[in-house]
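Comments concern the structure below.
Quick note: numbers below take in every heavy atom, side chains included, and nothing from hydrogens, waters or symmetry partners. Lettering of chains follows the sequences in order, A, B, ..., and the numbering in each one begins at 1. Since the structure is predicted, the reported quantities are computational estimates derived from the model, not experimental observations.
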Number of protein chains: 2
Amino acid sequence: MKLPPLTALHYFTSAATHLSFSQAALELHVSEGAISRQMKLLAEYYGKALFQKSGRGIILTSKGSLLLSVALPALEDVAVVSAQLQAASTQLTINVTTSFAIRWLLPKLASFERLYPQIEVQLQASSSAESTRGKSFDVQINYQLQSSGAAKKHRRKLLDERLLAVCAPSYLLEGNIINLSQLHSKKLLLNELTGRDWRLWSELLNLTPLPIERALKFEQDDVAIQTAVAGLGVALANTAYIERELRMGSLVPATSQQAIVVGAHYVNVDPIAASSMAVQAFVDWLFSEVEND
Amino acid sequence: MKLPPLTALHYFTSAATHLSFSQAALELHVSEGAISRQMKLLAEYYGKALFQKSGRGIILTSKGSLLLSVALPALEDVAVVSAQLQAASTQLTINVTTSFAIRWLLPKLASFERLYPQIEVQLQASSSAESTRGKSFDVQINYQLQSSGAAKKHRRKLLDERLLAVCAPSYLLEGNIINLSQLHSKKLLLNELTGRDWRLWSELLNLTPLPIERALKFEQDDVAIQTAVAGLGVALANTAYIERELRMGSLVPATSQQAIVVGAHYVNVDPIAASSMAVQAFVDWLFSEVEND
DNA sequence: GCTATCTCTTTACAAAAACTCAAGTATAGC
DNA sequence: GCTATACTTGAGTTTTTGTAAAGAGATAGC
């Protein structure tokens, strides 16, 4: 299938329907010269004049009308489905870590669905990278330690991971916060089997190694947090995950140490999906939720 | 009318019908990478994947098939008229000087029409530039003094203007050719009212001015040549115009001076018409005729 | 299970196409 | 003749597109 220069053909349909290069230039947001050049290109491609000067303006030659009669409906058809394809962005696939889903996204997601009832959200919460292998998501939110580099087009920092040692008020002896050196004697609640967060946190504070092996270990932040609320020990939690508990007093800072930034959650948008309305709406909503916090 | 990137759409129809980027690359004579990039571009334009990997190959997504179902027929329609427009090159408009037409082109034109009976030649012979003002011709052959520059794409030298002083054999006294210094006493035949050629010629030879005012003046080369054949004087003719007469002996060199190049005939092809089959055939024929001389 | 192979993707760079501004040409109407 | 309108063209710049080569994912055959 041999096709003429298609951009030239597009310009041609505009110039031919207006019978004016300058009008076409206006419509297509390019200079008059651009139209003139493309029309010349097309005429040379065919070896025939498509337009003819008529006084001040132009008229179509017979070849020109023949071409227009086919090219215009053809391109209009394309424009119609194109518009459909661009508009039909009602599905949205999202991948996040389980903890982020439970403690942050799910509680807020109802507000998004209220705003955009027509968008069908498919959420996959996964703790490991394995379960997402081979699959592709419009939006993915993941956690990374180092805040590497500036925000890129398809990767933006959503919120910092600010770790704070917390416990139930009842866990504090006579309401006194725990001295950092006393932490060794407390029951630590691990939100990861490896105790990575506690280890990282204590290293950043230059504490002597904490008794990780004696801690209670959970697979998810949520369970560790619930256990802390129950007054069974000290958890190290992302402040963004325990906003409500802090506000309501069911959790309080266990020590005088303020929250430490150890990493961040990043939003990754699939470049293919980036121009979709649904994706843009969701990402905008995400960041507005962060701002409202 | 908002259209997607049309080249990408073209590549898409090929990739989608073959369900293979590499096949499409072969068909379109570009690299695989080019296809891949254009397909990515198109997917990002729509915000949706058009293809999906399926094992070793690819399959269309639902969006992809929708797009293909419209884009393919649309582009095929365009391809069909395009082919029609390119093929329909049966008309050919030519503009030449009257003398060139009478003495060179017309006698040979029959051979062209025998070769390409389907091509409809419209010849306009004009002596002045005024009659061609505002009109456009596929091919124009004109005369110019200085051979300025090399052959350009749309302007090629057809043949040199080689001026030779000739007369009928009977005009020579006792068969002796005329000495250049004796030309003053001969009857000169001017092929232009101004006598420009004789003047130019005598200047190039450093002759004392010739008695232009006593000469017989004609408007066209042809008449001057016919008059020379009739034995009424000495004409200065383009050798290409009097080939037959020289061969048959009805005209002979009047002096010992060989033909002098004073200019040339150039073929100008309208850039718009240059790609037309008819124009290409005609120009090729023109140059082959020159070579045969 | 390992390797060879097929196919799409990506990166860095090169080539080509398209665009713009501004000056140029042509026509129409006062 | 002068001015306003429109298309054209030249020169330079920007943008797009293409290429080559290395890479990554997946299958098929040994």
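- One atom, CD1 of B:Ile58, and another, P of D:dA26, lie 15 Å apart when rounded to the nearest Å.
- For B:Gln52 and D:dA26, the CD to C1' distance is 15 Å, given to the nearest whole Å.
- Nearest-nucleotide positions on DNA chain D for A:Ser36 and A:Arg56 put A:Arg56 closer to the 5' end.
- Between the P atom of C:dA18 and the CG atom of A:Leu28 lies a distance of 14 Å, rounded to the nearest Å.
- Spacing between atom NZ of B:Lys40 and atom C1' of C:dT10 amounts to 8 Å, rounded to whole angstrom units.
- The distance between the ring centers of B:Tyr116 and B:Phe282 does not fall below 6.0 angstrom.
- In this entry the distance linking CZ of B:Arg37 with P of C:dT11 reads 10 Å, nearest Å.
- Taking the six-membered ring where tryptophan is involved, the planes of A:His265 and A:Phe100 are tilted, since the angle between them lies from 30° to 60°.
- The distance between atom CD of A:Gln38 and atom C1' of D:dT15, rounded to the nearest whole Å, is 13 Å.
- Remark: P of D:dT17 and NE2 of B:His10 are 14 Å apart, rounded to the nearest angstrom.
- Relative orientation of the B:Phe51 and B:Phe12 rings is tilted, given thresholds of 30° and 60° on the angle between their planes.
- When distances run from any side-chain atom of A:Tyr11 to the nucleotides C:dC8, D:dG18, C:dA18, the shortest one goes to C:dA18.
- Which of C:dA18, C:dC19, D:dC7 sits closest to the side chain of A:Ser31 comes down to C:dC19.
- Taking atom CZ of A:Phe21 as the reference point, atom P of D:dT5 lies 19 Å away to the nearest angstrom.
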